Amino acid sequence: MNLPSCITLTNEKPGCPILNIKHRLVTGRVALLGGHVMEWTPVGKKPVLYMSEAAVFEEGKPIRGGIPICWPWFGPREGLPSHGCVRTRLWTLAEAKEGTDDVHLKLTFESDEQTMKQWPHAFKLVLDVKLGLSLRVDLSMVHLGTEPVEITGALHTYLTVGAIEKTTVLGLDGKDYHDTLDNGKLKDQTGDVAFTSEVDRVYRSRGDVTVQDDEWKRAITVSKRGSGATVVWNPWIEKSKRLDDLPDEAYHRFLCIEAANAGDDRIRLKPNGSHVLTTIIDVV
Ligand code: TA6
């Protein structure tokens, strides 16, 4: 495929081609492994997505950071990879277009013999990524199997912050959430979300959230479509130490705000049914 002049394809990680974007308004990186947006940096801003300095780039392993595509199940599943079977596979670049104000990539992934062993239903995924002064990611899913299915998933976005202790999440006040750290117990959120220990929550929310970063004096807004759950995660100290692909102190510099279909928000698709899960990120 002829790439626009603002995109170069590199293979610095064997088996993991990476699209490097240098546009007048934005720089970014997207790995074909997992259809994985790794970097989005609008001109004049600090990077917005967090990428682990210890991330591994190997087919069959998830990339730590950026926007992992969790699909067609969210979270652990007995005898199967955590967060589904598509974030560790090579996707195909279908289109790459340079516009005046953004770069638009279209990546695709279709079910195959390997996925059928893990998820016995045919499907096609299309990921539309628009990188500009805003970042928009649309995951379109078509169920091509013969039986109705129930799907969960997430655009598992890692956001970079100056200091987690000086970061709060606005927009979830009054929402209830399943606390993954407390057997999924349903709890109520009062006020903004602050971080003083591990946080792993599936909020029942369709609304936007704002990440207020008082260290870097910036705010990141995350809005979404096709999602009834917002997952908020920071591993804090002990879990960071347990994750080999995450530096021990990294918890201090990121949090995840995930546009999800998870918890009570599950997508039921009939044969040929489809759904689109979208996240839109802005930094001010
Ligand atoms: O999104 C929160 C979560 O489900 C946490 O429980 C934690 O496991 C995180 O995802 C990372 O999962 P991963 O499989 O990428 O290590």
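Remember, it's a predicted structure, so these values are computed and weren't measured experimentally.
- The closest side-chain donor-acceptor pair between T167 and E165, if any, does not fall under 3.5 angstrom.
- No donor-acceptor pair closer than 3.5 Å links the side chain of R89 to the backbone N or O of F109.
- In this structure, K224 does not pair ionically with D208, as no charged nitrogen and carboxylate oxygen lie closer than 4.0 Å.
- With respect to E95 and K97, a salt bridge is recorded, a charged nitrogen being found less than 4.0 Å from a carboxylate O.
- L49 is connected to L255 through a chain of hydrophobic side-chain contacts under 4.5 Å among Ile, Leu, Val, Met, Phe, Trp and Tyr, so both are in one cluster.
- Under a 3.5 Å cut-off, the side chain of H23 and the backbone N or O of L25 do form a donor-acceptor pair.
- Put simply, the side chain of E39 never gets that close to the backbone of T41: no donor and acceptor are under 3.5 Å apart.
- Using a 4.0 Å cut-off between charged side-chain N and carboxylate O, D176 and R201 make no salt bridge.
- Within 6.0 Å of atom CD in E249, more than 12 heavy atoms from other residues, nucleotides or ligands are found, so the atom counts as buried in its surroundings.
- Ionic pairing of E53 and R253 is present here: one or more N-O contacts between side-chain nitrogen and carboxylate oxygen are shorter than 4.0 angstrom.
- The shortest distance between side-chain heavy atoms of L170 and V209 does not fall below 4.5 Å.
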Item to complete: Report the C-alpha distance between R136 and D138 in whole Å, list the side-chain angles of each, state the deciding distance to 0.1 Å, and finish with yes or no for salt bridge (Lys or Arg N to Asp or Glu O under 4.0 Å).
Response: CA-CA 7 Å; R136 179 172 175 137; D138 295 274; 2.8 Å; yes

Tell me which donor-acceptor pairs under 3.5 Å the side chains of residues 67-75 have, and how far apart each pair is, sequence neighbours excluded?
unit_1, atom_1, unit_2, atom_2, d
W73, NE1, P81, O, 3.0

Taking distance alone, no hydrogens or angles, what donor-acceptor pairs closer than 3.5 Å link side-chain atoms of residues 121-131 to residues at least two apart or in another chain?
unit_1, atom_1, unit_2, atom_2, d
D128, OD1, H104, NE2, 2.8
D128, OD1, K106, NZ, 2.8
D128, OD2, K106, NZ, 3.4

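- By the 30° and 60° cut-offs, the orientation of the rings of H156 relative to H83 is perpendicular.
- Remark: the backbone N or O of S227 is paired with a side-chain donor or acceptor of R206 at under 3.5 angstrom.
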Worksheet entry | Test salt bridge (Lys or Arg N to Asp or Glu O under 4.0 Å) applied to D214 and K166, step by step | CA-CA 5 Å; D214 287 348; K166 296 183 182 175; over 6 Å; no

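- Within the 4.5 Å cutoff, side-chain heavy atoms of I21 are placed close to those of L105.
- Taking a 6.0 Å sphere around CG of D188, one finds it holds more than 12 heavy atoms contributed by other residues, nucleotides or ligands.
- With hydrogens and angles ignored, the 3.5 Å screen pairs no side-chain donor or acceptor of H178 with any backbone N or O of D182.
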Discussion item. Run E198 and Y251 through side chain to side chain contact (heavy atoms under 4.5 Å, CB included) and show every step you take.
Written reply: CA-CA 9 Å; E198 183 177 358; Y251 75 94; over 6 Å; no

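- With values rounded to the nearest 0.5 angstrom, L155 atom CG is found 12.0 Å from C256 atom SG.
- Under a 3.5 Å cut-off, the side chain of D245 and the backbone N or O of A55 do not form any donor-acceptor pair.
- With hydrogens and angles disregarded, no donor-acceptor distance shorter than 3.5 Å links the side chain of T88 to the backbone of K61.
- Here the closest heavy-atom approach between residue N261 and residue H275 is recorded as OD1-NE2, 3.4 Å.
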Worksheet item: Given D179 and K185, is the salt bridge (Lys or Arg N to Asp or Glu O under 4.0 Å) satisfied, shown in steps?
Response: CA-CA 5 Å; D179 187 346; K185 200 182 289 178; over 6 Å; no

